[in-house]
Every structure is written in structure tokens, then in C-alpha cells.
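Inspection log for the structure reproduced underneath, given as C-alpha cells.
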Number of protein chains: 2
Amino acid sequence: MKMDSRKQQVLLAIITDFIATAEPVGSRTIARKYDLGVSPATIRNEMSDLEEMGYIEQPHTSAGRVPSQLGYRYYVDFLMQKKDLTAREEEIIRRGYEKKVRQIGQVIVQTGELLSQMTKFAAVVMTPRLELSSFKRVQLVLMNPGQVLVIVVMNTGALQTNIIEVPEEVSQVDLDTISQVLNAKLDGLTLDKIKVTLLREIYYELSKHKNILDLAMHLIQNGLAASREDKIYLGGIMNILNQPEFHNIERVKALLSLLEQEELLRSLLESCDPKEGVTVRIGREMNREEVKDCSMVVANYCIDGRPMGTIGVIGPTRMDYAWVVSVVEHMTLSLSETMEKMFKGWR
Amino acid sequence: MKMDSRKQQVLLAIITDFIATAEPVGSRTIARKYDLGVSPATIRNEMSDLEEMGYIEQPHTSAGRVPSQLGYRYYVDFLMQKKDLTAREEEIIRRGYEKKVRQIGQVIVQTGELLSQMTKFAAVVMTPRLELSSFKRVQLVLMNPGQVLVIVVMNTGALQTNIIEVPEEVSQVDLDTISQVLNAKLDGLTLDKIKVTLLREIYYELSKHKNILDLAMHLIQNGLAASREDKIYLGGIMNILNQPEFHNIERVKALLSLLEQEELLRSLLESCDPKEGVTVRIGREMNREEVKDCSMVVANYCIDGRPMGTIGVIGPTRMDYAWVVSVVEHMTLSLSETMEKMFKGWR
DNA sequence: CGTTAGCACTCATTAAGAGAGAGTGCTAAC
DNA sequence: GTTAGCACTCTCTCTTAATGAGTGCTAACG
């Protein structure tokens, strides 16, 4: 069976209608609402073909058709055409980024809120990836005898803090010496570049201060290496409850159980190719039973052209992909822009 | 009408049974399951009285009775007796705090997870109140010309960070001078004590460095004052979906809409008297329409006997108060203990 | 040969009605 | 004051029937 232009028209009509109404679409409806110039009977024949091809399916014998996940995929790949955002929508986004904020966390939260408010789906925003951000400064604060607070500032403004234990006799002066050396040596490096050669340099540098040498190594090991996790903003869960597909509590539970587990969510987001612009994952394409009826639209935002983190939304498979893709794309650009502005010169 | 011992017994039986089954309780059931030594007819009479007094109500004519919110209140105040946790339960909590962590955030998250896992309700944990924690150290990091990262470390290990703008010509050396003075002057003070008199001292101290004086004041104003918000851990939302009362999506939405708004949640939690041990708020007592069918069991954890923050759970009014109160109480103690251990000597 | 009208057929959804069952309130007896 | 008995009420469930949307098939049409 081959896909011809009319089949495409019919499929497009079915998907468009189903996205709008959430009800199975019948041949009559298509003939009436979408002007294909043929009778319902003809459309029925086409529908029968489309069903055989796997693009649509019937909930039960005497119902209309609904798009299958394959159908949505075909739609996303070949049929859908980007909807430009309305002036009103662009305005909302613009406004969202208008307020001047300087902390990276605030921008992340703001983006997430905006995204979920606009789309009415759950929104996910990841902070810039630590592996890709570079080292800016380390501060060692002696909290107590024996306890040191390590504060690492990355060039993205991200902070990592960590409390580690050290011998009681270590003084703040020792710590300052160490941080001085570390700052000099590590400045501008990405975390994954902090490797053996470098450690040797530091070792050499500090060899005049034999007494604190071990401490410094210990610090690097435990203070820097640990907790290199990115944070994830997740919000707008309430929104998805308004979607008719989530009137079934079981589905809500399934989705929520996944969203509450940050690692799962992370792996889901990371499965998206940072190279393509906006990635759409439909239902089972995500390979997770819990979200087999959900779709995900995500994109990476960039700083200096390098993809740094992911933003996106998760909702039912029945979503207005054309529009959601546009929103996510637009937000990604706005976010990239805002971040670049924030970090101008920090690199 | 006066409450006598038998009425109490009947009320207790109704509440106990309803908590367990979520079904309206009939006179027969009580006579059979709870050994009051009287016939269903007698119990019916008592029930009729209890209904008139407002402690129980009938969903419809031929149904059993369910406790009213007033009934729950009476139960919590007079009838319920604390259930000791089982060895198994205590073990779970003990285990939860066994893993050694040093960052306050981790303890908070751990407590929240534990609380929601055990109770199967939504858990809420507030970080130690900033107003009550005292100043430990400030670090000023020059990120860029003109941009300073202010890191304030409180004695609870809580960090506040803030990026502020300063004149371009400010150097890291200037910043170090300022932080030195600030650290000396502010050490050990609570945020609300940082008042005018103190500012004058700092002013005097820094008068030798006229050029950075304004900067210092600016720093204090904007770097310290801002963002003095406590964080709230919220988790286990999925759990409450398993409660039969939340099979109605509308209720879920109502509750979630409240929980997603952090300020509302905060005001709710702060409405609880830190003096009493465990506070129970039932339904409309919370004065919020969204949670008129929910109850809240919260308590404050303490450091050095001073209430520092709040932990608690939110679930349907039909909850096993006796047990939940015990769990929350127990967790509060464990948390207080853990925190005290963490901050031993930090004060 | 593609298209279309007509029609029988399927199946979900809705409404109405009939029991069944749970539980009450009342009354009269103990 | 307590209890047994009983009529009554109301929900819940099951059945049945009617409705209607939508299909698939067939035969006719251009």
C-alpha cells in the first residue's frame, strides 16, 4: 500500500480533529469539516487503508478512528507545518524574560513556569550541564575545627557546595593557601579536564606546604568530584490533570511515578539528540511503560552555540505538536539568549 | 445533650472503623465489631444523638455514619491515644537517618522522603528558618568586572547566594577587605539583628577605605537582605493518589493547586503554633477551600530547644491521626537530633 | 476503475425499571 | 433505659431496551 496525497489529507484531517476534540473521528465528520471534495464513503475506504498501514486505529467497531503513535510520528515527520506563535504568545514569552534576574536558578524556574503555563503541560527544565561548564572559583570556609565547606562556582553561576571533614588542626590560613593554588590552576577548566596531569602540578605547587598537601588532594577528591548532578525544574503537574486523558487516575499515577524519580526523568531527557533542534518523542518511543500514552517535546538551549541543557514539556500523545514545537523552539531561543546575556564575559 | 462515656465509645468506634475502611459505618457493624455490650438499636439511639451534636453525619438516609470534621476534632482532642510505632517502623526511621550526610539540604530531602513513604501522604519539610539562624560567614567573589557573587553561610549550613552589580572598578582585593570587616562584625548574629547600630560600626571601620564604603553598604543592603526565603521540600504527591478520596480528580486538582503555590503552603505551615508539640489541622480549620477535605499534621523541629522549622504531612481528613501523629512526632525528634549533631559547635 | 449511495450490522452509551441490600427511625414490649 | 421488630428510604447493581454513531459491504453510476 502506498501513501498518496489524499491519504495524507485524510490522515491530517483525522489528527487535526482528534487533537482538537479528543474524540474519535468519523468519516462523516471529515467530509463535513474538511473540504476534501469526496464523499464519506470514499473517505471510509481511505481510512480502511490507513488503518491497515497502521497510522490510525479504532477504539471499537462502531467508533471513529484515532491516530496511532505511528500516525502521530508520520504527522510530525511529514505533515505538520509549524504554526507561528501569535503576537500575544510572543508577547507573553517576551514579558517572562523581561524581568531582570541574575541568578541562574531564577531563570530556570521562570522558564519552567512560563512553559507550563503556556502549554498547559508539565514542564521540565534542566540546569546547564556541569560537565560543560567551566571552573570559576573555589572557596574553602572553615566552619568548625575539622569541617570545611567547599563552595565551587562555575562559570554558569552554578554553585556546588559540599561539607567535608578534615583534620582538626587545619586552619583557615591553610585553606586559603590551598584555594589560592586551586584557583590559579583550575581557572577556566571544565570539570572533566581536571585530570591527573593537573593534579601533579598542584601537588608540585603545594609541596612547600607539605602539611596541607594531603588535605588539598582530599579536598579535590571529595569536594569537587561529588554531587556533580544537574538540577531539574519540574512544574505544572496540575495542568495535565485538565487534559481529558488524565481523568483516569491510573495514568496520572503512572506519569507521576516517573516524574517523581529524578534519575528516570534525567535519562529520558538525555536520550534526546542535542544536535537536532526540537526533538519529539511519542509514546512508546520513550521506551518506558509508564509514559506509553505520553509524548515529550524537548530541545536544548545553547550558550555560545554549545548545547548546555534541555527544556521541554511532557503531555498526552494527543497534543498539538505543531504549536508545542513552536513554543518550545521559541522558548529555547529566548532562554539561550538570556543566558548568553547573563554570562557575557564570564567565559 | 451531654457527651457520656458510651457516646464516646460509639464515636470512637465509628471513627476507628471509618479510618480503616473509608465506608460509612452502620449500627450493626459497630455492635458486631466493637464490643460495647449493647444492641444495634441502642447504638442507633446514640448515633442519632451524636449526629445532632454534630460529630457525625449521614451521606444519605440509608447509609451509615461518617465522622464530621467536628467529630475528628473531638477524637483528636479527647479520644485518640497515641500508638507507639512498631519496632519495624522505628527501624525504618533509624535507618533513614543512619547514612551520614553533612549538608542540610540532604537531611531535609531525606526526611521528606521518609515521611511520605511511611505515611503514604504528601510530605512537607521546611528548611531551618533563616531569621533564627545566625550569620557565619560571607564570601564575596568577583565574577566579572561589575558583578559580585555574594555567598552568605549561616550557622545551619544554609547558603544564600546572590549576584549583585557593583561599579566596574571594584577589585577582588576591595571585596576581601569588605568581607573581612563584615565577617568580624556579623559573626554569630541573626539576620534580624543586623540593624542600624551595627551598620554604623561597619561604617566607622571601613572609613579608612572610603572608596569602597558605599559598595559595602550596597552589598549589605542587596546581598544580605534579599532572598531570605526558606526552601520547602514537597514530595509524595503520588502517594495520595492511592487514597480512595482522591479518585475524584477535582479534589486532586484542588489540593495540587495549593501545594504548587509555595507561598500558600508556607502560610499554611506557619499558621501552626510552634509551642505545642504536634499540631493537627482538620479540613476547614485550615481556612482554605482547596483543602477543606484534607488534614495536616505538622510539628516543629528544634535546634537547642528553639523551633527552627516545620515538618508534616497533608492527606485526606480520613487519616489515622493517632498513628500519623506518632510518626510525625518521632520524625521530628529524629530530625532535631540529627541537626543538633550536625551543627554541634557551630553556634 | 474509482466513486458514491444505500443499507445492514456492530457496539458503546444512555435511560428506565426491578430487585437486593444496607441502614435507619419509630413503636411497643421487656 | 434497652431491645426486638418492622416499615421505610435510599443507593447500588443488574437487566433490558432504545438510541445513535460509525463502519463495511454491495451494487450502481459516470
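In this text, all values refer to a predicted model and were calculated from it rather than measured experimentally.
- Atom CG in B:L50 sits roughly 12 Å away from atom P in C:dT24 (whole-Å rounding).
- Between B:E262 and B:R266 there is a salt bridge, since a side-chain N of the basic residue sits under 4.0 Å from a carboxylate O of the acidic one.
- Close to C:dT10, at under 4.0 Å from its OP1 or OP2, lies no side-chain N or O of A:T61.
- When the nucleotides C:dG25, D:dT3, C:dT4 are ranked by their closest atom to the side chain of B:S48, C:dG25 comes out on top.
- Side-chain N/O atoms of B:S62 and base N/O atoms of D:dC10 include a donor-acceptor pair closer than 3.5 Å.
- Straight-line distance from the CD atom of A:E57 to the C1' atom of D:dG22: 17 Å, rounded to whole Å.
- Each of A:E57, A:E52, A:E51 was compared with A:R65 under the salt bridge (charged side-chain N to carboxylate O under 4.0 Å, His left out) criterion, and only A:E51 meets it.
- One can place CD1 of B:I56 at 9 Å from P of C:dG25, the figure rounded to the nearest angstrom.
- Judged by distance alone, the side chain of A:T310 and the main-chain N or O of A:A299 form no donor-acceptor pair under 3.5 Å.
- Side-chain N/O atoms of B:R65 include one lying less than 4.0 angstrom from OP1 or OP2 on C:dG25.
- Going from atom NE2 of B:H60 over to atom C1' of C:dT24 covers 11 Å, rounded to whole Å.
- Salt-bridge check for B:K253 with B:E290: failed, with every basic side-chain N at 4.0 Å or more from each acidic carboxylate O.
- For the pair B:E46 CD and C:dG25 C1', the computed distance is 15 Å after rounding to whole Å.
- A distance-only check finds a donor-acceptor pair linking the side chain of B:E89 to the backbone of B:T86 [under 3.5 Å].
- Position along DNA chain D of the nearest nucleotide to B:S39 versus B:P59 favours B:S39 as the more 5'-ward residue.
- Along DNA chain C, the nucleotide nearest B:E51 and the nucleotide nearest A:A41 are compared for position; the residue whose nucleotide lies closer to the 5' end is A:A41.
- Side-chain atoms of B:D17 do not come within 3.5 Å of backbone N or O of B:V25 as any donor-acceptor pair.
- Here the P atom of nucleotide C:dG25 and the CG atom of B:N45 are 9 Å apart, to the nearest Å.
- Contacts between residues 6-14 of chain A and DNA chain D, defined by a heavy-atom separation below 4.0 Å, involve no residue at all.
- A:D4 has its CG atom 14 Å from the C1' atom of C:dT3, to the nearest Å.
- Across all strands shown, C:dA29 forms a Watson-Crick or G-U wobble pair, both distances under 3.5 Å, with D:dT2.
- The distance between atom CE of A:M47 and atom P of D:dC25, rounded to the nearest whole Å, is 15 Å.
- The side chain of A:S27 contributes no N or O atom lying less than 4.0 Å from OP1 or OP2 of D:dG22.
- With hydrogens and angles left out, the side chain of A:R44 and the base of D:dG24 share a donor-acceptor pair within 3.5 Å.
- Of the possible donor and acceptor atoms, one in the side chain of A:Q58 sits under 3.5 Å from a partner among the backbone N and O of A:T61.
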